Amino acid sequence: MRGTLVVLGAFLLASLGISYAKPDFAQEKPGSAEPKITPEDAAKKNPVPPTSDGLAEVRKLYSYNCAMCHGKIGDGKGDLAADMKLDLRDWRDGSSLDKLTDGELFWIISNGKGKMPGEGDRTKERVRWNFVNLVRSFARKDAGDKPKTESPLS
Ligand code: HEC
């Protein structure tokens with residue numbers, strides 16, 4: 001008798017587990033909504049350090065694929081953005097991206113967001129991380145990038 005109860009209990013627990021799991025699966029059904037950034041995505045660290053070679057490589061891609069919206073200098077004033085009446089961030093202002101992590105920028109570049117098309121299918125992961133470096137670099141020029149100890153005489 002006891003044995004039967006244990007088996008029954010295990011069965012009940014298992015079926016509970018299944019019914020708990022259901023809403024999770026339901027959320028991922030296609031067509032319900034746009035894909036969402038998960039906390040794990042947002043926490044991803046950029047594995048690609050910014051180098052002049054890496055930046056030069058994506059700068060070219062940027063001029064073909066991104067500048068028409070985000071502007072050659074990252075000011076968000078590309079022709080297409082104007083045509084589409086998009087209100088884009090001015091990346092030259094360092095604080096414009098303060099609230100977004102590298103992981104979030106990477107995710108948006110990969111998957112797109114709203115009116116922005118994603119790059120995921122046509123560019124390698126390494127290149128997309130370099131896009132993140134490039135996007136961040138628009139603000140760096142006048143934002144505390146000065147050499148610390150160099151004197152004009154040395
Ligand atoms: C059709 C115009 C368009 C093109 C082309 C485009 N974007 Fe965007 N991008 C947007 C819009 C609109 C947003 C804001 C999306 C939102 O928050 O709803 C955005 C947001 C972003 C963001 C998030 C930070 C922010 O400023 O909101 C990044 C990073 C980004 N774009 C990078 C790129 C890169 C890199 C490319 C080229 C590979 C690119 N975009 C091409 C329109 C565009």
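Being a predicted model, the structure only gives us computed values, none of them experimental. First listed ligand is number 1; within each ligand, the first listed atom is number 1.
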Are any of the heavy atoms in L97 under 4.0 Å away from ligand 1?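 Under 4.0 Å: yes for L97.
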Quick check on contacts: which atoms of ligand 1 are under 4.0 angstrom from a heavy atom of [X]?
{"X": "L100", "result": "24 (C)"}
{"X": "C66", "result": "34 (C), 35 (C), 36 (C), 37 (C), 38 (C), 39 (C), 41 (C)"}
{"X": "I108", "result": "21 (C), 22 (C), 23 (C)"}
{"X": "L105", "result": "24 (C), 29 (C)"}
{"X": "N65", "result": "5 (C), 37 (C), 41 (C)"}
{"X": "F131", "result": "35 (C), 38 (C)"}
{"X": "L88", "result": "10 (C), 11 (C), 12 (C), 13 (C)"}

In this structure, which one of [options] forms a side chain to side chain contact (heavy atoms under 4.5 Å, CB included) with [X]?
{"X": "L134", "options": "Y62, W129, W91", "result": "Y62"}
{"X": "V58", "options": "V132, V135, N130", "result": "N130"}
{"X": "V48", "options": "D102, N133, V127", "result": "N133"}

Residues, nucleotides or ligands: over 12 heavy atoms within 6.0 Å of D98 CG: yes
Return the option from [options] holding the heavy atom at the smallest distance from [atom].
{"atom": "atom 9 (N) of ligand 1", "options": "M68, M116, M84", "result": "M116"}
{"atom": "atom 18 (O) of ligand 1", "options": "R136, E119, K113", "result": "K113"}
{"atom": "atom 32 (C) of ligand 1", "options": "W91, Y64, W107", "result": "W91"}

Indicate yes or no for a side-chain donor-acceptor contact from S96 to the backbone of R89 under 3.5 Å, with no hydrogens or angles considered. no
Between D41 and T38, is there a donor-acceptor pair closer than 3.5 Å when you use the side chain of the first and the backbone of the second?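 Checking the backbone N and O of T38 against the side chain of D41, a donor-acceptor pair under 3.5 Å is found.
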Indicate whether any N or O donor in one side chain lies under 3.5 Å from an N or O acceptor in the other, for D53 and T51. no
Report the C-alpha separation of D79 and M68 in whole Å, then their side-chain angles, then the decisive distance to 0.1 Å, and conclude whether the side chain to side chain contact (heavy atoms under 4.5 Å, CB included) test is met. CA-CA 5 Å; D79 292 345; M68 66 277 212; 5.7 Å; no
Find, among atoms of H70 that are N, O or S, the one nearest to atom 8 (Fe) of ligand 1, and state its name.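 Nearest to atom 8 (Fe) of ligand 1 within H70's N, O and S set: NE2.
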